Amino acid sequence: MMTCRLPLSLVNKIQGRVRYGEPLRNHTTWQIGGPADVLVEPASREDLATILAFIRQEALPLAVIGNGSNLLVSDNGFRGVVIKIGEALGRVNINGERIFAEAGAKLGRVTAVAQAAGLGGLEFAVGIPATLGGAVTMNAGANGAAMADVVEKVTVVDYEGNECVLEHAEIGFGYRRSRLQELKAVVVEIVLHLTPDDPREIKRRSEEYLRRRKVTQPLEYPSAGSVFKNPPGDAAGRLIELAGAKGLRIGDAMVSERHANFIVNLGNARARDVLALIGRVREMVQEKFGVTLELEVKVLGESGAD
Ligand SMILES: Cc1cc2nc3c(=O)[nH]c(=O)nc-3n(C[C@H](O)[C@H](O)[C@H](O)COP(=O)(O)OP(=O)(O)OC[C@H]3O[C@@H](n4cnc5c(N)ncnc54)[C@H](O)[C@@H]3O)c2cc1C
């Protein structure tokens, strides 16, 4: 098996953390995934530029992750460099109705900052365990709203090292998608434009959304949220339930009894168990309804499922 390492001269230049053979299960909410050859958490944009230049020079495979809450990582892990954009790149500032935040900021922190400042419009996202960069890339949404409703622009650094600003219309938002997913670029900063509102009202709505999540989602188990996208005009969970797949289990991966579009890790689920379960659920829904479910989760590593 080929693995890569970074030269010491490069590691010494980087302030952020560099780890070799790091199990990616430690960096995904499903708690599944084999090792990355190299996992780097840049502490600054300079770190990021230094790492990207090296990766480009050596033509190494690269993956970018945030909080790993929408990721199924192969049991074999990832042969190459994984750049994790985390809290070290997570500054959040407010100016009037706008929040200027770095991509590594946890969405929970950004929603709290917005609430405290009396800025409404982001409370739909309370409880989504994402980084802001991951949420924008996925156009994460809930409660009838999505990131596209509040994002004004994003700054990205492409794999060539060029920084550029994409205005809202250039981001190509769609249902759980954006052009950022294909761009070969790292999202580093986001500008949100929110609406002044009474902090008590924002708090009330946020608490209600959180309460509903606790009732409808199996939050006591590791998961990646909804596994499949909703097909047009329907809910994937409804189809999976009616196809009789609730409670279906392969290894320690199980279709949740509480929310049929969640696959939970009961303890030691492997990626191959989840992939087998995904395949089985798809077959059952296809057979019963003639609908092909599309994956919402992103598969990283050598055992692609889509
Ligand atoms: C309990 C639970 C509840 C959830 N509820 C919801 C929900 O209500 N609505 C919803 O939409 N999702 C939900 N999710 C799924 C998930 O939280 C979202 O998809 C989220 O947007 C992923 O963000 P992340 O930072 O974890 O990104 P990751 O999972 O780390 O990455 C997701 C994708 O974004 C890319 N990416 C991440 N950061 C960057 C960056 N800085 N630059 C470039 N690319 C990047 C990755 O390459 C990958 O393709 C839920 C998940 C869980 C576990």
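Note that the structure is a prediction, hence the values are computed from the model and not measured. Whatever order the structure lists ligands and atoms in, that order sets their numbers, starting from 1.
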query = Side chains of Q181 and T137: donor-acceptor distance under 3.5 Å anywhere?
reply = no
Donor on one side chain, acceptor on other, H168 and K153, under 3.5 Å = no
Neighbouring protein residues of ligand 1 - any heavy atom closer than 4.0 Å = T29, V64, I65, G66, N67, G68, S69, N70, L71, I85, A103, I128, P129, A130, T131, G133, G134, A135, T137, M138, A140, G141, A142, R176, A185, V186, V187, R213, Q217, L219, S223, A224, G225, K298
Show me, pair by pair, the donor-acceptor contacts under 3.5 angstrom made by side chains of residues 143-151, not counting sequence neighbours?
from : atom 1 : to   : atom 2 : distance (Å)
N143 : ND2    : F124 : O      : 3.1
D149 : OD2    : A146 : N      : 2.9

message = Between E170 and R179, does any NZ, NE, NH1 or NH2 come within less than 4.0 Å of an OD or OE carboxylate oxygen?
response = no
query = Taking C-beta and beyond as the side chain, do T195 and L119 meet within less than 4.5 Å on heavy atoms?
reply = no
Cation-pi check, R56 onto Y159 ring (under 6.0 Å, within 45° of axis) = no
